*Asks:* 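Right, I'll just put the structure down here and ask away after.
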Amino acid sequence: MKANCWYGKRDVRVEDVPDPQILNARDAIVQVTSTAICGSDLHLYNAFIPTLERGDILGHEFMGEVVEVGAGVTNLKVGDRVVVPFPIACGACTACSEGSWSLCENSNPNAWMAEKLWGHSPAGLFGYSHMLGGYAGGQAEYARVPFADVGPLKIPEGLTDEQVLFLSDIFPTGYMGAEMCSITRGDVIAVWGAGPVGQFAIASAKMLGAERVVAIDRFPYRLRLAEQKAGATDTINYEETDVYDALMELTGGRGPDACIDAVGMEAHAPNFMYGMDRVKQSIMLETDRPLALRQAIRACKNGGTISVIGVYGGFIDQFPMGAIVNRSLTLKSGQCHVHRYLKPLLERIQKGEIDPSFVVTHTLPLEEAARGYDMFVNKTDDCEKVVLKTSSAFGKQVKRPTPGQA
Amino acid sequence: MRGRDRTVTVKTSVTIRREAQEVYRFWRDFSNLPRFMQRIESVTVNAAGRSHWCARGPAGAKVEWEADIVTDRPGDRISWRSREDATIVNHGAVLFRPASRGRGTEVHLTVGFEPPGGAIAAKILRLFDAVPEQQLKNDLRRLKQILETGEITRSDASIHRGTHSARPPAMKELPNVEGTVQS
Ligand SMILES: NC(=O)c1ccc[n+]([C@@H]2O[C@H](COP(=O)([O-])OP(=O)(O)OC[C@H]3O[C@@H](n4cnc5c(N)ncnc54)[C@H](O)[C@@H]3O)[C@@H](O)[C@H]2O)c1
Ligand SMILES: [Zn+2]
Ligand SMILES: [Zn+2]
């Protein structure tokens, strides 16, 4: 099959690789129709996440048709159309039973690696380094889905791939980001980053009753999308305006009730700190640049909440702990517990409360993954979200070689 | 940990969402141990209850010994000790304790051995990876996977010995033994 493989910093290539096989009884093989490139993939693309190997298949946002199920999978059958959540979860451990799916205790065969870096291991993820499992990703014609009796969501007729694909990650992630803000009617929520994750955080904050939602970014086309489609009431271009001042102006000096960091470890800023953080990052004094996070903490109202859905991998410097303690701030975070949100968010899509396809700006064949990454990382051609289509999406049935010929 | 009596002791633990009796029963059948203990190739038990252990290290070093059960308290603990004439004098104990809030059972494993010195000692140390704690902890994690999910969790990379890119194995690379193969 064809798959998008990582070969080093800003080097991905679509190659021919063996087809996936059932390795555990609870596996299913999905023939991918649509798969997306995520901001999280950019952290891999830019080589900020350790324990990637040359040749790793990337991708964790994908959907398609079930073509094979293991003996232990009874709830899915060949031909089912499914969306697959990006965290791999067993459904049987304590974390899963408590709804903390992205903390599954059994899905990371390389748990010891993550344990070394973070103290404990979270769940394994598709296409996201060896420390998070060493699983092949979904930017491919086929994907093996472990614990397929737990994760995949069956999609009812009448919805396009673009409407449901983002249930795999960014819609639930944005939603969880807003949910962690414990929004009550009348709240003002500020969202750093108007990428796809930020857009869904904005839309979700509105759905959950926020009165004002402020989008912060530097790309006018992304801020426009936030305002016109996601429902942001205000936008701040941080290259033109001082973010802190603008937020105080918008909130009568109180600061937002909650702040969402939808930027993560590769934040950018047009000032001296950015240079400092880039230098530190390059010599590994810190691994992540927390510029948006620092700003969010500074601006948040006393007693407010900082909801961090942007991904961080390692260590940050100059963390304003003083503000958190002295101003009674609450910091909440996590890789999204996607499984929790699948059904309720699918219902919202079916009821027409939201059409997640609004973020898609580019649809390319899988073979052009490298071009997609390049546009998405450089934000060229007003790129917001890239969806990759395999040939099976165009109705062309790709023949699976019979096992043994792979 | 290396005591004054030259005994090397390694401890580790894991919490498994299963009743203590169930975990105990699985462990008490020593023939299950090789399913999750990476360095143990086989354990066979004779009619008298004496077990014969066969272990292999990362470099292929093979060591065998006989052991007797010392304590056997169903649902609570099992301990064993090699016979005095074993090439490596070793012992192990596993305790099953209920975890708080109904989170299943804490499994506490202690393994100790006395390196006899000289060439044999070197051979024995080669049974373990650089960090024996790590190895035993990984063993307990595999036990948890079996008891909670029914199988050892496999990924595209973890089925291979050593580093391998995360992409599906070619047919000839498909594993035929249970569990992950790490070097
Ligand atoms: N927690 C989760 O489960 C989860 C899931 C998916 C993605 N993510 C993370 O969410 C983050 C965003 O993903 P995305 O797909 O939207 O990526 P993206 O790169 O498209 O968006 C990031 C946006 O942040 C903006 N930005 C950079 N520096 C900024 C700053 N200082 N202030 C304000 N905005 C700034 C960029 O201009 C860009 O528009 C990534 O870190 C990604 O890894 C987390
Ligand atoms: Zn993603
Ligand atoms: Zn689990």
Side-chain angles (χ1 to χ4, degrees), chain A residues 1 3 5-6 15 17-21 23-27 29 51-58 72 88 90-94 96-98 104-112 115-116 121 124 126-130 132-137 140 142-144 146-147 150 401 403-406, chain B residues 12 14-18 36 38 99-106 129-182:
Chain A
M1 67 164 181
C5 308
W6 183 90
E15 293 193 325
V17 302
D19 284 358
Q21 311 291 338
L23 297 177
N24 280 116
R26 292 166 65 189
D27 290 352
I29 306 291
T51 74
L52 274 182
E53 298 286 339
R54 279 171 63 84
D56 285 353
I57 299 174
L58 301 184
I88 300 170
C90 78
C93 68
T94 298
C96 285
S97 72
E98 290 173 349
C104 174
E105 298 157 20
N106 288 315
S107 62
N108 184 0
N110 298 329
W112 62 276
E115 213 168 65
K116 277 203 178 122
S121 174
F126 287 103
Y128 217 77
S129 83
H130 289 252
L132 291 175
Y135 288 100
Y142 294 92
R144 164 186 171 246
F147 302 117
V150 175
Q405 301 177 350
Chain B
T12 186
V14 75
T15 301
I16 300 181
R17 196 162 168 251
R18 287 285 177 261
F36 63 92
Q38 201 180 353
S100 60
R101 269 209 284 117
R103 277 172 294 196
T105 303
E106 292 178 8
D129 299 320
V131 193
E133 283 85 356
Q134 183 87 77
Q135 189 184 308
L136 283 185
K137 176 120 201 220
N138 288 344
D139 287 347
L140 289 192
R141 255 195 277 264
R142 281 185 284 266
L143 170 68
K144 177 179 164 80
Q145 289 166 7
I146 291 173
L147 289 175
E148 290 185 345
T149 79
E151 275 183 292
I152 287 170
T153 310
R154 289 168 162 174
S155 75
D156 303 271
S158 74
I159 57 171
H160 295 278
R161 207 176 274 283
T163 47
H164 189 283
S165 53
R167 51 166 70 180
M171 217 51 205
K172 61 174 171 4
E173 298 173 312
L174 271 180
N176 48 18
V177 288
E178 182 174 18
T180 55
V181 188
Q182 286 170 0

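Just so we're on the same page: letters track the sequence lines, and every chain starts at 1. Because the structure is predicted, anything quoted here is derived from the model rather than measured. Side chains included, hydrogens not; waters and symmetry mates left out as well; all remaining heavy atoms used.
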*Asks:* Looking only at atom types and distance, does a side-chain atom of B:E151 sit under 3.5 Å from a main-chain N or O of A:A25, one as donor and one as acceptor?
*Replies:*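 Side chain of B:E151 to backbone of A:A25: a pair is present.
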*Asks:* When rounded to the nearest 0.5 angstrom, what is the spacing between CD in B:Q145 and OG in A:S107?
*Replies:*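 Result: 9.0 Å between the selected atoms.
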*Asks:* Look up atom CG in A:N106 and atom CD in B:E148, then write down how far apart they are to the nearest 0.5 Å.
*Replies:*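 Rounded to the nearest 0.5 Å, the CG-CD separation comes to 4.5 Å.
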*Asks:* Against chain B, label A:A143 side chain, backbone, both or neither, depending on which of its atoms sit under 4.5 Å from a heavy atom there.
*Replies:*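 The answer is neither part of A:A143.
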*Asks:* With rounding to the nearest 0.5 angstrom, report the CG to OG distance, A:L52 to B:S165.
*Replies:*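 Answer rounded to 0.5 Å: 11.0 Å.
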*Asks:* Taking the side chain as every heavy atom from C-beta outward, state whether A:L23 and B:I159 have any pair of such atoms under 4.5 Å apart.
*Replies:*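 Sidechains of B:I159 and A:L23: in contact.
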*Asks:* So, for B:S155 and A:G133, which heavy atoms are closest and what is the spacing to 0.1 Å?
*Replies:*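 What the structure gives for the nearest pair is OG-O, 2.5 Å.
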*Asks:* How many angstroms lie between atom CZ of B:R167 and atom CD of A:E53, to the nearest 0.5 angstrom?
*Replies:*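 Answer rounded to 0.5 Å: 11.5 Å.
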*Asks:* Counting only non-hydrogen atoms closer than 4.5 Å, does A:R144 touch chain B with its backbone (N, CA, C, O), its side chain (CB onward), both, or neither?
*Replies:*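 When you check distances to chain B, only side chain atoms of A:R144 fall under 4.5 Å.
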*Asks:* For A:S121, what residues pass the side-chain contact (heavy atoms from CB on, under 4.5 Å) criterion, not counting sequence neighbours?
*Replies:*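 side-chain contact (heavy atoms from CB on, under 4.5 Å) list for A:S121, sorted by chain: A:N108, A:A111, A:A114.
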*Asks:* What's the shortest heavy-atom distance between B:P168 and A:P20, and which atoms?
*Replies:*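 Taking B:P168 first and A:P20 second, the nearest heavy atoms are CB-CA, 3.6 Å.
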*Asks:* Are the charged groups of B:K137 and A:E115 less than 4.0 angstrom apart, N to O?
*Replies:*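 Yes, charged N to carboxylate O under 4.0 Å.
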*Asks:* Measuring only between side-chain heavy atoms, which start at C-beta, is A:N110 closer than 4.5 Å to B:S158?
*Replies:*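 Result yes, sub-4.5 Å side-chain heavy-atom pair found.
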*Asks:* Once rounded to the nearest 0.5 Å, what's the spacing between atom CD1 of A:I88 and atom OG1 of B:T153?
*Replies:*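 Here the interatomic distance stands at 9.5 Å.
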*Asks:* Just how far is it from atom CZ of B:R17 to atom SG of A:C90, taken to the nearest 0.5 Å?
*Replies:*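 It comes to 8.5 Å.
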*Asks:* For chain A, which of B:R141, B:K172, B:H164, B:R103 has the most heavy-atom pairs under 4.5 Å?
*Replies:*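 Of the options given, most contacts go to B:R141.
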*Asks:* For A:T51, what residues pass the side-chain contact (heavy atoms from CB on, under 4.5 Å) criterion, not counting sequence neighbours?
*Replies:*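 A:M113, A:S129, A:H130, A:M131.
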*Asks:* Verify, without hydrogens or angle tests, whether A:N24 (side chain) and B:R154 (backbone) share a donor-acceptor contact under 3.5 angstrom.
*Replies:*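 Yes, because the side chain of A:N24 sits within donor-acceptor range (under 3.5 Å) of the backbone of B:R154.
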